[in-house]
**Student:** 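The structure is given below, and queries will be raised subsequently.
In this text the structure is predicted, and so the values were computed from the model without any measurement.
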Amino acid sequence: PVSTQSTWDQLLGSPGSPFTMKLLAAFKLAAPELPFVFRYRSALLSVQLKQRSGTAQVPILITPENWYIADSTPILRLFDSRLPQPLFYPNGATGAVVAVIEEYLDEWIPRVDLLYRWGNDESLKSAVAWFQENERNSPEFKKAKPAVQEAIMERMSQIGKWGKRTLRALGINTPIQQREGTKLAR
């Protein structure tokens with residue numbers, strides 16, 4: 001189970017998530033001395049987190065007040081509110097420009113990321129194997145009974161179907177859309 005640490009926050013996410021990596025980079029940039037704990041959001045931990053945060057998305061921040069906050073933008077805004085002066089979302093016109101740029105990057109960079117992860121069979125197989133390996137290495141998985149471990153691995157083997165549905169939902173599942181999406185990465 002998730003527990004309150006004697007640190008500023010716990011950040012739960014996945015190294016495969018661009019939003020999780022955005023927050024890790026922001027925390028290191030803004031306050032390298034900030035005591036926070038990063039934990040991989042395993043499948044078993046995911047159930048508890050979804051009940052508390054209302055979502056399965058990552059990252060999720062657990063604050064000292066025991067708030068569970070999902071989505072990198074609100075997390076960064078909260079972080080900014082606790083600094084003497086905002087670092088990521090300055091006040092005034094500069095802040096408005098930053099917000100527009102951040103919104104654009106939050107929408108388009110993950111689409112390219114997901115396209116390259118789930119867009120062809122080879123990368124899809126590699127992504128599934130990567131997620132399974134991360135799951136096997138999680139403390140929650142190692143403590144689980146063999147039947148639970150087997151069920152989790154079966155569920156993880158189906159994650160590629162989620163990836164394909166995500167591409168379809170984002171409008172990048174046809175060859176033309178994928179070709180145009182790869183142009184964004186250049």
Side-chain angles (χ1 to χ4, degrees), residues 10-30 36 38-47 49-50 53-61 68-80 88-89 95-138 140-141 151-186:
Q10 288 185 76
L11 181 63
L12 296 106
S14 169
S17 159
F19 302 110
T20 298
M21 299 314 293
K22 169 182 151 183
L23 281 180
L24 287 173
F27 284 175
K28 285 182 181 182
L29 169 73
F36 74 94
F38 175 72
R39 290 181 62 191
Y40 173 71
R41 193 225 48 205
S42 66
L44 290 171
L45 195 54
S46 180
V47 174
L49 292 171
K50 187 173 182 179
S53 69
T55 183
Q57 76 183 49
V58 291
I60 295 174
L61 182 78
Y68 285 50
I69 303 171
D71 195 319
S72 59
T73 301
I75 292 170
L76 282 178
R77 288 191 181 278
L78 175 67
F79 187 72
D80 251 5
F88 300 105
Y89 300 96
V97 171
V98 167
V100 169
I101 291 170
E102 194 258 353
E103 179 65 23
Y104 176 80
L105 293 175
D106 260 8
E107 289 299 316
W108 289 102
I109 298 298
R111 288 174 190 239
V112 173
D113 177 60
L114 293 170
L115 173 59
Y116 281 107
R117 184 179 301 167
W118 307 115
N120 65 64
D121 290 340
E122 185 179 336
S123 62
L124 186 142
K125 287 177 188 173
S126 177
V128 169
W130 184 88
F131 279 104
Q132 287 176 323
E133 184 64 25
N134 275 283
E135 195 63 40
R136 278 189 206 95
N137 290 328
S138 74
E140 295 81 16
F141 184 86
I152 290 171
M153 283 300 110
E154 174 57 30
R155 179 176 167 223
M156 296 301 287
S157 72
Q158 301 300 313
I159 198 168
K161 290 180 183 176
W162 174 87
K164 292 290 189 182
R165 284 195 313 269
T166 301
L167 291 179
R168 199 168 37 256
L170 293 174
I172 49 176
N173 61 315
T174 68
I176 292 171
Q177 293 164 329
Q178 290 181 359
R179 185 178 62 243
E180 292 301 311
T182 58
K183 288 179 183 177
L184 289 172
R186 294 182 196 153

**Student:** For a 4.5 angstrom cut-off between non-hydrogen side-chain atoms, does F19 reach P110?
**Tutor:**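 Yes; the side chains approach each other to less than 4.5 Å.
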**Student:** Which atoms form the tightest heavy-atom contact between I75 and P59, and what is the distance?
**Tutor:**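 Where I75 meets P59 most closely, the heavy atoms are CD1-O, 4.0 Å.
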**Student:** Can you see which heavy atom on E140 is nearest to which on S42, and at what distance?
**Tutor:**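 In this case the closest contact between E140 and S42 is OE1-OG, 3.1 Å.
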**Student:** Taking atom OG of S72 and atom CG of L24, what is their separation to the nearest 0.5 Å?
**Tutor:**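 Reported value, rounded in 0.5 Å steps: 11.0 Å.
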**Student:** Within 45° of the axis and under 6.0 Å from the centre of the six-membered ring of F88, does NZ or CZ of R77 qualify?
**Tutor:**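 Here R77 fails the 6.0 Å and 45° test against F88.
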**Student:** Please round to the nearest 0.5 Å and tell me the distance separating atom CG of L105 and atom CD of E102.
**Tutor:**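 It comes to 7.5 Å.
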**Student:** Output yes when D113 and R117 qualify as a salt bridge under the 4.0 Å nitrogen-oxygen rule, no when they do not.
**Tutor:**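 Salt bridge present between D113 and R117.
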**Student:** Any idea which heavy atoms bring P18 and G16 closest together, and the distance?
**Tutor:**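 Reported closest heavy-atom pair: CD-O, 3.6 Å.
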**Student:** Using modelled atom types only, decide if a donor and an acceptor are shared between the side chain of E135 and the backbone of A43 within a distance under 3.5 Å.
**Tutor:**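 Confirmed, E135 side chain pairs with A43 backbone.
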**Student:** Can you check ring pair (Phe, Tyr, Trp, His ring centres under 6.0 Å) on F79 and F27, steps first, answer last?
**Tutor:** CA-CA 9 Å; F79 187 72; F27 284 175; 5.0 Å; yes
**Student:** So, S157 side chain and E154 main chain: donor-acceptor pair closer than 3.5 Å or not?
**Tutor:**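 Judged by distance alone, yes, a pair lies under 3.5 Å.
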**Student:** From Y40 OH over to N137 CG, what is the distance, rounded to the nearest 0.5 angstrom?
**Tutor:**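 Going from OH on Y40 over to CG on N137, the span is 9.5 Å.
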**Student:** Which atom names give the shortest non-hydrogen contact between M156 and V128, and what distance separates them?
**Tutor:**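 In terms of heavy atoms, the two residues are closest at O-CG1, 3.7 Å.
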**Student:** Using only atom types and a distance under 3.5 Å, with no angle test, would you say the side chain of Q177 pairs donor to acceptor with the backbone of G171?
**Tutor:**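 Yes, Q177 side chain to G171 backbone: donor-acceptor pair under 3.5 Å.
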**Student:** Is there a donor-acceptor contact under 3.5 Å from the side chain of E107 to the main chain of Y104?
**Tutor:**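 No.
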**Student:** Hey, what do you get for CG (L23) to NZ (K28), rounding to the nearest 0.5 Å?
**Tutor:**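 Here the interatomic distance stands at 12.5 Å.
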**Student:** Take R39 and L11 through the side-chain contact (heavy atoms from CB on, under 4.5 Å) test and state the conclusion after the steps.
**Tutor:** CA-CA 6 Å; R39 290 181 62 191; L11 181 63; over 6 Å; no
**Student:** Q178 versus L115: any side-chain heavy-atom pair under 4.5 Å?
**Tutor:**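 Yes, their side chains come closer than 4.5 Å.
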**Student:** Answer yes or no: is there a side-chain heavy-atom contact under 4.5 Å between K22 and D106?
**Tutor:**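 Side-chain contact under 4.5 Å: yes.
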**Student:** Let me have the donor-acceptor pairs involving side chains of residues 160-170, under 3.5 Å, with sequence neighbours excluded, atom names and distances please.
**Tutor:**
| from | atom 1 | to | atom 2 | distance (Å) |
| --- | --- | --- | --- | --- |
| K161 | NZ | Q158 | OE1 | 2.8 |
| K164 | NZ | W118 | O | 3.2 |
| T166 | OG1 | W162 | O | 2.8 |

**Student:** Around E133, counting heavy atoms of other residues, nucleotides and ligands shown, do more than 12 lie under 6.0 Å from its CD?
**Tutor:**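 Yes.
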**Student:** Between S14 and S17, is there a side-chain donor-acceptor contact under 3.5 Å, judged purely by atom types and distance?
**Tutor:**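 Their side chains do not contain a donor-acceptor pair, so the 3.5 Å distance test is not met.
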**Student:** Just wondering, more than 12 heavy atoms not from R155 lying within 6.0 Å of its CZ?
**Tutor:**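 Open: at most 12 neighbouring heavy atoms sit under 6.0 Å from CZ of R155.
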**Student:** Shortest non-hydrogen contact from Y89 to D80?
**Tutor:**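 Here Y89 and D80 meet closest at N-OD2, 2.7 Å.
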**Student:** CG of L76 to CD1 of I69: how many Å apart, nearest 0.5 Å?
**Tutor:**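 The CD1 atom of I69 is 11.0 Å from CG of L76, to the nearest 0.5 Å.
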**Student:** State the CG-CZ distance between L12 and R41, to the nearest 0.5 angstrom.
**Tutor:**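 If I round to the nearest 0.5 Å, the distance is 9.0 Å.
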**Student:** Where do A70 and P74 come nearest, in terms of heavy atoms and distance?
**Tutor:**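 Heavy-atom minimum between the residues: O-CG, 4.1 Å.
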